[in-house]
Each structure stands twice: as C-alpha cells, then as structure tokens.
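Following: one structure in structure tokens, then a few remarks.
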Amino acid sequence: MNLTLKVWRQKNAHATGALQSIAAPDVSPDMSFLEMLDVVNERLIGQGEEPIAFDHDCREGICGACSLVIDGVPHGPERGTTTCQLHMRHYQDGAVVTVEPFRAAAFPVLRDLVVDRGAFDRIQAAGGFVSVRTGGAPDANALPIAKSAADLAMDAASCIGCGACVAACKNAAAMLFVGAKVSQFAHLPQGQPERDRRVLQMVAQMDREGFGACTNLYECEAVCPKEIAVRVIAELNRDYRGALLRNED
Amino acid sequence: MEDAGVRGQHPGMARTVGRVLQSSLGLKFVMALSGAGLVGFVVGHLVGNLLVFKGSNGDAINAYAQGLKDLGAGLWVMRGGVLACAVAHVAAAGLLTRRSRAARPQGYAIDKAIAATYAARTMRVSGVLVLLYVIYHLVHFTFGGADPAAFHQMLPDGRHDVYNMVVVGFQHPLVAGVYLVAQVLLGVHLSHGIQSAFQSLGLVTEPYRRLTQWGGRALAAVLVVGFVAIPLAVQLGVLLPIQR
Ligand code: HEM
Ligand code: FES
C-alpha cells in the first residue's frame with residue numbers, strides 16, 4: 001500500500017520545525033510502524049535527503065525508547081501497544097498519517113521526532129529507588145508478601161518510562177509515570193523506610209522539570225502502552241498527602 | 001528544600017505550608033478541599049432555597065432568611081468561610097493553569113482526546129463562567145444592584161420579603177434564563193469536579209473510584225434539578241408573587 005506521511009521536521013533543538021509531506025510507497029502490512037519509517041528513510045538517503053530522526057531500541061515493546069504521536073495519539077491508534085509494535089495492517093491504502101514528536105516543555109525536541117526525556121531520569125534519581133547496603137543476598141522467600149500486594153506492585157512496575165502519558169496529557173503532567181514509580185514500592189515492605197522521602201523528592205523534581213498539573217483527564221491511562229491504571233495517581237496523591245502531614249522527612 | 005533547621009528540632013508547620021503552596025500536588029489539595037467546601041455550601045444553599053415551595057405565603061423561606069440573619073456574627077463567619085474557599089479555589093486554579101500552559105508551549109497539529117470527558121476538558125471554562133455568574137448573583141440578590149424593583153420587596157412588618165424578591169426576580173424571562181444556564185454549567189463543572197477531588201486527595205482507589213465518578217455525577221444532577229426547579233416554577237406560573 002501507499003501512504004502519505006506528514007512528519008515533523010526540525011533540524012536541531014533551536015531551529016523552528018514544520019510538518020513535511022513525505023511519500024511512503026510500497027508499504028507492506030507486515031511492517032511495524034518503525035520498519036515503515038526505516039524504508040522511507042532508505043529512500044530519502046538514496047535521494048540525497050536527510051532521513052527522519054526517531055528514537056527506537058528494543059523494537060519489542062519493552063524498553064520505552066520509541067515514541068511518536070501518530071494522528072494525535074501517542075504510540076498510535078492501538079491500545080496497549082508501543083509504536084514499535086504497531087503494525088501497518090491497521091492502515092489503509094492512501095491514508096495520510098501525521099507523525100509528531102511528544103510535546104512538552106520538559107521534553108525538548110532535539111531533532112525531528114527525537115525528544116530529550118532526561119527529565120524522567122532525573123525524577124527517578126531524586127527518589128525512585130530502594131537503597132540497599134550490599135551484603136549477602138537475602139533468601140528470596142524470607143520476606144512474605146501477599147499476592148494482592150505483589151500484583152499491585154508488579155502492575156505499576158510494568159511502566160517502561162516512555163513518556164506517552166506526558167505526551168497525551170493536555171497539561172503535559174507526569175503523574176502517571178511518577179505514580180507508577182512510587183506505587184511499585186509503596187506496596188512492598190522494602191519500599192517502606194524511604195516512602196515519605198521518595199514521594200516528596202520525586203514530586204519536587206517533577207515540578208522543577210516543568211511538567212504541568214494533573215486535572216484528572218485520564219488520557220494518560222488510555223494511551224499507556226503498558227495500560228498502567230490511574231489508581232497509581234490516586235496512590236501518589238495519597239502518599240504525598242501522608243508525607244506532608246507526617247512532615248518527618 | 002531541606003531546611004530542617006536546628007538539629008533535633010522538628011521542622012515545623014512552615015515547611016508543610018510551603019510545600020502545599022508550592023507543589024502542584026499541594027495546590028491540587030487546596031483546589032479539592034476548597035471545592036469540597038463550596039460543594040458543601042451549594043448543598044446547604046439548595047436545601048434553604050427549596051423552602052420557596054413550602055407553605056402558601058412564602059413564610060417558610062422568609063423565616064429561614066430571618067433565621068440566617070439572626071445568626072449575627074455566626075453568619076459572617078460562614079460567609080467568610082465560603083469566601084475563603086472561593087478565593088483559594090480560584091487562586092489555585094489560576095496558578096495551576098499557568099503552570100500547565102507553560103508545560104506545553106507548542107501544541108499538536110492533531111489534537112485528540114480519547115478518554116477525557118467533555119466536562120473534564122472544559123473545567124476552566126465552566127469554572128470562569130460559574131464565577132461570573134456568582135458575581136452577578138450576589139449583585140442581584142445580596143446587594144440588590146441588578147434589579148432594585150425586585151430587591152426592595154418588603155413584608156408588612158418592614159422585614160425583607162425574600163419570597164417575593166425571588167419570584168418577582170425570576171419573572172423576567174432573561175433573568176430566569178441566566179440562572180437556568182448557570183446551574184447547568186455548575187452541574188457540568190461538578191460532574192467532573194466531585195470525583196476529581198476524591199482522586200486529587202488520594203482518598204479512593206479501585207474499585208471505589210468508579211463509585212465516586214457515578215456518585216459525583218448523581219450529586220451534580222440532583223443539584224442542577226433542584227436549583228433549576230425554582231426559576232422554572234416561576235416561569236411556568238407554579239410560584240406566583242404574593243400581594244402583601
Ligand atoms: C460554586 C462554585 C464551585 C464549586 C462548588 C467548585 C467545585 C470544584 C471541585 C469539587 C473541584 C475538584 C477539585 C479537584 O480537581 O481535585 C473543582 C475543580 C476545579 N474548579 Fe471548581 N468549583 C466552583 C467554582 C469554580 C470557579 C469559579 C472556578 C474558576 C474560576 C473553578 C475552576 C476549577 C478548576 C480549573 C478545577 C480543576 C479542574 C480539574 O482538576 O479537573 N471552579 N471545582
Ligand atoms: S523500541 Fe523499545 S519499546 Fe519500542
């Protein structure tokens with residue numbers, strides 16, 4: 001099939017960009033969206049033009065490197081799917097597909113469709129971890145954890161940190177990401193000692209990075225490729241409230 | 001932000017207050033709590049207003065209005081509380097809106113909403129319109145500026161005739177229309193706002209979150225129906241002015 005792409009092209013972080021129409025002929029329905037872009041790029045290179053810059057790594061939906069807002073939806077039209085796992089069979093011959101970068105002040109565009117998501121790393125570094133003084137590894141089953149608690153923690157921990165939640169949010173808020181990173185420890189005994197400090201510092205860093213304020217639109221949940229639920233946002237709010245009131249950290 | 005002060009001393013309230021006023025989550029707590037205060041006021045206000053339907057000569061609502069006046073300083077404390085909630089709510093909304101605008105300096109060529117409800121996407125618009133309405137409403141019925149003829153309804157003993165003031169006021173189709181539209185806007189605002197407050201305060205998680213969603217919409221609907229009933233009843237001739 002033959003498609004027309006409208007792709008955001010921007011030379012570097014300081015240049016002003018614009019949408020460019022690019023033909024994508026002979027697309028196989030078996031290709032992933034990124035493979036389709038690879039083919040388009042080979043053609044562009046053959047014609048002596050600049051290839052489209054985009055982020056990717058594992059291409060199997062687990063690393064969180066791929067991004068793209070496709071026809072207004074981060075990671076495209078399929079629910080619970082990363083862009084690398086989106087297949088061209090969902091498109092029809094002749095379709096016009098608009099491809100834009102994730103948009104947020106905290107995610108500056110570096111080039112074309114590539115944005116700098118370092119803000120997420122800095123939020124993580126501010127408190128999204130459990131401190132461990134290394135020693136002998138504890139026995140795996142020495143610490144009993146209820147199945148229900150483990151499930152909640154594991155669901156939150158499936159966040160791959162891609163940033164689609166921010167891209168989808170009308171406020172460019174990072175609550176689903178931060179909520180997931182707080183919730184994955186909040187249900188486990190290992191997360192308790194640093195619980196207040198974690199949430200206070202991660203929220204402070206989130207605000208410092210210039211993310212917006214949540215208005216509970218729940219767009220984030222709808223686009224999350226790992227289908228993280230907005231209950232993690234309620235948990236983030238609850239933990240922050242508790243930490244404020246305890247005021248111990 | 002690590003300002004623990006003298007060793008061994010508890011950091012104190014000042015730090016918590018600072019965090020509430022400076023963090024996005026803290027300001028959302030302010031919005032949610034002040035919003036809850038306003039919802040409480042609106043519920044009380046509706047219960048009082050529905051007294052226009054009680055009895056045949058407007059005595060019930062006039063006695064209620066007199067009762068409020070007799071509270072004296074107490075009434076002013078209540079008014080102060082409502083005013084504080086309103087100021088806090090609008091101020092927090094303004095601060096958060098500014099942050100969120102700055103967080104997305106460049107928008108999308110294709111801007112889609114796939115999950116957010118209409119009410120959720122229009123909170124700022126419905127909020128500002130409700131604020132304008134509240135100002136008009138105060139000028140109209142509290143200060144008597146908008147419609148002096150309706151406002152200066154008196155009982156034979158010289159007390160303020162609230163029943164006739166409301167009924168005469170709502171006999172203007174335009175005035176009744178403004179109130180009808182404003183109540184629907186408030187209902188739209190609250191159909192998202194009530195559940196949003198539960199979420200922002202982190203009070204419920206699954207499976208109760210759905211309950212706050214439907215409960216919030218149900219309460220909003222009850223409020224709209226209750227408030228709308230009064231101007232509608234006047235327009236339909238169910239409530240008539242009483243010759244004193
Ligand atoms: C009788 C008047 C009002 C009541 C009862 C009310 C109630 C509420 C409640 C309960 C919330 C949810 C708090 C939260 O998001 O966690 C809310 C949110 C909000 N309100 Fe109001 N409000 C009123 C008037 C206003 C006014 C006058 C404005 C603006 C000028 C306003 C703007 C907003 C905004 C922007 C939100 C946040 C939207 C969101 O978080 O989804 N409200 N309101
Ligand atoms: S490239 Fe790794 S998740 Fe898409």
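Residue numbers start from 1 in every chain, and the chains themselves are labelled A, B, ... in the order their sequence lines are given, proteins ahead of strands.
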Open item on the list: Which residue in the set B:H192, B:R121, B:H189 passes side chain to side chain donor-acceptor pair (under 3.5 Å) when paired with B:S126?
Closed with: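 The side chain to side chain donor-acceptor pair (under 3.5 Å) with B:S126 is passed solely by B:H189 among B:H192, B:R121, B:H189.
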Side-chain donor or acceptor of [X] paired with backbone N/O of [Y] under 3.5 Å:
X      : Y      : value
B:S100 : B:T97  : no
A:R197 : A:G127 : no
A:E219 : B:A113 : no
A:R198 : A:F129 : yes
A:E194 : A:S131 : yes
A:D112 : A:I52  : no

Give the interface residues of [range] toward chain B, defined by a heavy-atom separation under 4.5 Å.
range                       : result
residues 165-182 of chain A : A:V166, A:A167, A:C169, A:K170, A:N171, A:A172, A:M175
residues 71-79 of chain A   : A:D71, A:G72, A:V73, A:R79
residues 228-235 of chain A : A:V230, A:R231, A:I233, A:A234, A:E235

Checking [X] against chain B: side chain, backbone, both or neither under 4.5 Å from a heavy atom?
X      : answer
A:L200 : side chain
A:F211 : backbone
A:L244 : both

Task: Option in A:R103, A:R238, A:M206 with maximal non-hydrogen atom pairs under 4.5 Å from chain B - done: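 Of the options given, most contacts go to A:R103.
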Task: Under the side chain to side chain donor-acceptor pair (under 3.5 Å) test, residues paired with B:S191 that sit two or more places apart - done: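 Scan of B:S191 (side chain to side chain donor-acceptor pair (under 3.5 Å), adjacent residues dropped) gives none.
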Can you check whether [X] reaches [Y] side chain to side chain, under 4.5 Å on heavy atoms?
X      : Y      : result
B:L203 : B:Y208 : no
A:C66  : A:D55  : no
B:Y179 : B:I230 : no
A:F102 : A:R117 : yes
B:Q235 : B:L180 : no

Among the listed options [options], the residue most often paired with chain A at heavy-atom distances under 4.5 Å:
options               : answer
B:T16, B:L25, B:D111  : B:L25
B:Q195, B:R101, B:R98 : B:Q195
B:R209, B:Q199, B:R99 : B:Q199

Open item on the list: Taking A:K147 first and then A:D151, would you say they form a salt bridge - that is, a charged N and a carboxylate O separated by under 4.0 Å?
Closed with: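 Counted as a salt bridge, because a side-chain N and a carboxylate O are separated by less than 4.0 Å.
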Task: Modelled atom types, side-chain donor and acceptor of A:D207 and B:S24, under 3.5 Å - done: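 Per modelled atom types, A:D207 and B:S24 side chains form a pair under 3.5 Å.
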Open item on the list: For the residue pair A:Q201 / A:Q205, report whether a side-chain donor-acceptor contact shorter than 3.5 Å exists.
Closed with: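 No, because no side-chain N or O of A:Q205 sits under 3.5 Å from a partner of the opposite role on A:Q201.
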Task: Aromatic ring pairing B:F141/B:H137, orientation class (parallel under 30°, perpendicular over 60°, tilted between) - done: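 B:F141 vs B:H137 ring planes: perpendicular.
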TODO: Would you mind checking which part of B:A102 comes under 4.5 Å of any heavy atom in chain A, side chain (CB onward), backbone (N, CA, C, O), both or neither?
DONE: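 Interface part for B:A102: backbone (N, CA, C, O).
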TODO: Examine whether an atom of B:Y108 lies under 4.5 Å from a heavy atom of chain A, and if so say whether it belongs to the side chain, the backbone or both; otherwise answer neither.
DONE: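 Its backbone and side chain both get close to chain A.
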